[in-house]
Amino acid sequence: MNGLEISPFIAGLPKVELHIHIEGTLQPALRWKLAQRNKVPLRFRDHEYNTYEALLESYRVTYNHRPELGGRKDVPTFLEAYFAGCEVLIHEEDFYELAMDYLKRCREMNVRYAEPFFDIQAHTRRGVPAEHVLNGYLRAQQDAAAQYGVRSNWIFCFIRDEPVQDGEAAYETALPWAKRPGGKGLFHAVGLASNAYERPPSLFADGFARAKKDGLHVTTHCDFGQKDTHEHIRQAIFDVEVERIDHGLDVLDKEELMAGLVDKGIGLTLCPHAYHRRTATEVLFPKLRQLLDRGVKFCINSDDPVYMHDVWIDGNMEKAYHLGCLSEKEMVQLARNAVDMCWADEDVKKEIYGELDGVQIS
Ligand code: HPA
Ligand code: ZN
């Protein structure tokens, strides 16, 4: 679907994925299977996908326009397509299969460790019990580590365009599944996802403070090219005091934000293909070199591969490597940055650093 060829060098690199939404990995074949199994009609507004081919075709039109900024109203936005996909996920087994599919693919792509984003609000607001989501992911986390050797710690997200109190209540519901003394061990961090339009990170300051108090890590999306993007980044760095920023590429426009990131050692989880969908190659890819030159730490990730032309972490790395004109040595450095930036246990990190030390550079 995307015409990208993954070079043997990129394919073989040991990888860490820090920016992937688990529901953004729901592949059409599993979506079709679950729709049949759960008797969920596959449709978006007045479009019905009655055949598998029609469903597949729908993935070719994942637009990135913004209706609130005057974009087209007759085709799904990226997030509408993503949430439409979620509708087939109902039972614990569905969430389990989704996560196992993804973690199996991690093994195939040499992703050793991942920190997938999930939320429960996208499901509980459809009447799905939170336990179905949380227990499905928890079982997959454990089984994939044992069966595929892919370790993961997950990130609970507030849905930022829902009321703040709903997010806080969802956090309370999910807390017994956190990785903390007495917890079940699924998630070790809290993030902020969904539509950022007029929903700055500071709205969720109390929720983030609570998560920190509970011993969890914090990160937030600051989407590229969003309205108020610099103010969102400023709040993330100086008000919420996150440990990482998801996207955040607009930081390059403002010296004080660049300084804040570097001083505080905050890294960016970038997803180049997500930006490349609506940014010219010659505008986008030099930014990677600028970040490297300025000493801003970042790593390469995939966001929502199924709704972004089937470009996964290897395809995103391939783009950074070729279109960003980065050397093999620099690509190994980016893979190492992901290990630096991740919140895995020290023994897991040590193992991956060791593997990266052994990568042959031509
Ligand atoms: N951006 C913001 N929120 C999201 C995304 C995304 O790409 N995917 C799922 N939630
Ligand atoms: Zn994202």
Side-chain angles (χ1 to χ4, degrees), residues 16-27 31 59 62-69 71 76-87 89 95 98-99 102 114-126 133 137 154-162 166-167 170 187 189-201 203-204 218-229 232-233 236 242 244-250 267-279 298-313 315-316 338 341-342:
V16 164
E17 167 73 81
L18 299 183
H19 187 155
I20 186 143
H21 301 263
I22 190 66
E23 294 90 345
T25 72
L26 174 61
Q27 297 186 58
R31 184 174 172 196
Y59 288 82
T62 302
Y63 289 98
N64 208 33
H65 62 91
R66 304 209 175 104
E68 68 270 21
L69 299 181
T77 62
F78 156 72
L79 280 174
E80 284 172 327
Y82 169 95
F83 287 120
C86 289
E87 285 171 16
L89 298 162
F95 294 95
L98 166 66
Y102 169 61
E115 297 188 356
F117 293 118
F118 73 100
D119 67 82
I120 60 173
Q121 290 168 274
H123 310 297
T124 53
R125 72 187 177 195
R126 298 181 290 115
V133 187
Y137 293 157
W154 295 51
I155 303 176
F156 168 94
C157 287
F158 298 118
I159 294 278
R160 68 200 296 168
D161 49 351
E162 292 280 359
D166 291 7
F187 65 98
V190 169
L192 187 60
S194 202
N195 191 351
Y197 184 77
E198 297 191 342
R199 301 296 286 169
L203 286 177
F204 291 83
V218 294
T219 183
T220 183
H221 275 63
C222 292
D223 294 353
F224 181 50
Q226 267 293 330
K227 177 171 178 275
D228 307 323
T229 186
H232 285 203
I233 296 172
V242 296
R244 296 199 302 240
I245 292 180
D246 305 304
H247 304 308
L249 191 53
D250 293 307
L268 306 179
T269 65
L270 298 183
C271 310
H273 176 68
Y275 327 135
H276 201 202
R277 294 176 302 158
R278 58 189 157 90
T279 313
F298 68 95
C299 60
I300 303 293
N301 308 272
S302 54
D303 218 3
D304 299 277
V306 169
Y307 297 98
M308 295 178 178
H309 316 110
D310 220 24
V311 180
W312 298 70
I313 188 171
N316 274 277
M341 288 164 62
C342 83

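Start at 1 and go down the list; that is how both ligands and their atoms are numbered.
- No side-chain N or O of His247 forms a donor-acceptor pair with one of Gln226 less than 3.5 Å apart.
- Between the side chain of Ser194 and the backbone N or O of Asp161, no donor-acceptor pair lies under 3.5 Å.
- Proximity of a side-chain donor or acceptor of Asp303 to a complementary backbone N or O of Ile20 within less than 3.5 Å is not detected.
- For an aromatic pair to be called close, the ring centres must be under 6.0 Å apart, and Phe118 with Phe95 fails this.
- Remark: Ala84 engages Arg31, Phe44 in a side chain to side chain contact (heavy atoms under 4.5 Å, CB included) (not counting sequence neighbours).
- Take Tyr102 and apply the ring-ring contact (aromatic ring centres under 6.0 Å, His included) test, not counting sequence neighbours, and it matches no residue.
- There is no side-chain donor-acceptor pair under 3.5 Å between Ser302 and Asn316.
- Here the protein contributes His19 NE2, His21 NE2, His221 NE2, Asp303 OD1 as N, O or S atoms under 2.8 Å from the Zn ion (ligand 2).
- Looking only at atom types and distance, the side chain of His21 has a donor-acceptor partner in the side chain of His221 under 3.5 Å away.
- Ordered by chain and residue number, the residues placing a heavy atom less than 4.0 Å from ligand 1 are His21, Phe78, Leu79, Tyr82, Ala193, Ser194, His221, Asp303, Asp304.
- Counting heavy atoms from C-beta on, the side chains of His123 and Cys86 come closer than 4.5 Å.
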